[in-house]
Amino acid sequence: MKIAVYPGSFDPFTIGHLDVLKNAAGLFDSVYVAVLNNSAKSPVFSVEERVEMIDRMIESEGFQNVRAGSFAGLLVDYAKQIGAQYIIRGLRAITDFEYEFQIDAVNRHLNPEIRTVYFMANPAHSFLSSSNVREIGEMGGSIEGLVPHCNYDYLRERLARQK
Ligand code: PNS
């Protein structure tokens, strides 16, 4: 059984993340979307809110082999705990590569048995990031089409209140 973990801050989960997840769900038997629980990153959305939005997206997309959760501490420890042999990450641009290269080097050092699989972002989403979504939403712009449709109303209202 091939199990993968798709980790991230997901603050919030975007349509770009969904694109990566669809690829992963088609390739692996089971995928865990894992929200990093790290208050040092000062996220806008609580871990509970982020997991709730991802759960809603899983339900709405009809994924049968995807689950949402959160983790604190090292990713490789969480991967081991859930039996994942693979880590999923998305790449949008060369700048992502530098960052991902470092994360991969650290994870390989910590556990060489866990491999990372990368999916190139759909070019239509190459500009998209969670921070863009937050900024657009907080400034009253439209985030329609940037986040999973099922979370659109919630995020629009929540980000409008945030500013
Ligand atoms: O969405 P992000 O913020 O780019 O995701 C980064 C993430 C969660 C993959 C990374 O920060 C992480 O794995 N953090 C957990 C701590 C850890 O394992 N550190 C060692 C690898 S950098």
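Both counts, for ligands and for their atoms, begin at 1 and track the order of listing.
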**Q** Could you tell me whether E52 and R56 have a side-chain N and a carboxylate O separated by less than 4.0 Å?
**A**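 A salt bridge is present here (some side-chain N lies under 4.0 Å from a carboxylate O).
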**Q** Do V35 and I58 sit in one hydrophobic cluster, given that two such residues count as connected whenever their side-chain heavy atoms are within less than 4.5 Å of each other, even indirectly?
**A**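 Both belong to a single hydrophobic cluster.
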**Q** Among pairs that include at least one residue of residues 100-111, which meet salt bridge (Lys or Arg N to Asp or Glu O under 4.0 Å), considering only residues two or more places apart or in two chains?
**A**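 Of all non-adjacent pairs touching residues 100-111, those that pass salt bridge (Lys or Arg N to Asp or Glu O under 4.0 Å) are R89-E100, D104-R108.
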**Q** Quick one: which residue pairs count as a salt bridge (Lys or Arg N to Asp or Glu O under 4.0 Å) with a foot in residues 71-81, not counting sequence neighbours?
**A**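 Every pair satisfying salt bridge (Lys or Arg N to Asp or Glu O under 4.0 Å) with a residue in residues 71-81: there are none.
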**Q** Under 3.5 Å, sequence neighbours excluded: what are the donor-acceptor pairs made by side chains of residues 11-20?
**A**
| residue | atom | partner | partner atom | Å |
| --- | --- | --- | --- | --- |
| D11 | OD1 | V44 | N | 3.4 |
| D11 | OD1 | F45 | N | 2.9 |
| D11 | OD2 | V44 | N | 2.9 |
| D11 | OD2 | R134 | NH1 | 3.4 |
| T14 | OG1 | G16 | N | 3.1 |
| T14 | OG1 | H17 | N | 3.2 |
| T14 | OG1 | H17 | ND1 | 3.3 |
| H17 | ND1 | T14 | N | 2.9 |
| D19 | OD2 | N122 | N | 3.3 |

**Q** Once you restrict both partners to nitrogen or oxygen, which atoms of ligand 1 have a protein partner under 3.5 Å, and how far apart are they?
**A**
| residue | atom | partner | partner atom | Å |
| --- | --- | --- | --- | --- |
| ligand 1 | 1 (O) | S9 | N | 2.9 |
| ligand 1 | 3 (O) | S9 | OG | 2.6 |
| ligand 1 | 3 (O) | K41 | NZ | 2.8 |
| ligand 1 | 4 (O) | R89 | NH2 | 3.0 |
| ligand 1 | 4 (O) | Y99 | OH | 2.8 |
| ligand 1 | 5 (O) | R89 | NH1 | 3.3 |
| ligand 1 | 18 (O) | L75 | N | 2.8 |

**Q** How are the rings of Y86 and F28 set relative to one another: parallel (under 30°), tilted (30 to 60°) or perpendicular (over 60°)?
**A**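 Rings of Y86 and F28: tilted, 30 to 60°.
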